[in-house]
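These numbers come from the heavy atoms of this one structure, side chains and all, not from hydrogens, waters or symmetry mates.
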Amino acid sequence: MANSTDSSKKAPLTNAEKQKRYRERQKNLGKKEVRGYLNDEALKCYELISEQTDWTDSKILTNALRLTYAAYKNGQIGLLSKWLQKNNL
């Protein structure tokens, strides 16, 4: 039986410790974490996009921001906003 005082073995990391290390690695890579809560309409859109694309939460958010920015840069943000309102999204 192994000696319980063996200092070469480390205790396994808890989920919270793993998450903290992951967030620190991402931050060191220059990535920014963004959090939020989805309303019912946005959640339906998220579910459809997720099913159709197999994208991660991060990829969906990244692409949503990039597409919104593209609409803004091309003078189409008003058109996009009107479309969302017209379609109750």
Legend entry - Joint cluster assignment, L65 & L43, ILVMFWY side-chain distance < 4.5 Å: no
Inset, instruction - Take K20 and R23 through the test side-chain contact (heavy atoms from CB on, under 4.5 Å) and record every step on the way to the result. - result: CA-CA 5 Å; K20 183 178 179 184; R23 287 190 301 270; 4.0 Å; yes
Return a table of donor-acceptor pairs under 3.5 angstrom between the side chains of residues 45-52 and protein atoms on other chains or two or more places apart.
unit_1 : atom_1 : unit_2 : atom_2 : d
Y46    : OH     : D57    : OD1    : 2.3

Legend entry - Nearest-0.5 Å distance that lies between atom CZ in R35 and atom CG in L61: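 Going from the CZ atom of R35 to the CG atom of L61 covers 12.0 Å.
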Legend entry - Inter-residue atom distance R21.CZ - K18.NZ, 0.5 Å rounding: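 Going from CZ on R21 over to NZ on K18, the span is 9.5 Å.
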Legend entry - Member of E24, Q19, Q26 meeting the side-chain contact (heavy atoms from CB on, under 4.5 Å) criterion with Y22: Q26
Which donor-acceptor pairs under 3.5 Å do the side chains of residues 73-89 make with protein atoms, sequence neighbours left out?
unit_1 : atom_1 : unit_2 : atom_2 : d
N74    : ND2    : A70    : O      : 2.8
Q76    : NE2    : N74    : O      : 3.4
N87    : ND2    : W83    : O      : 2.8

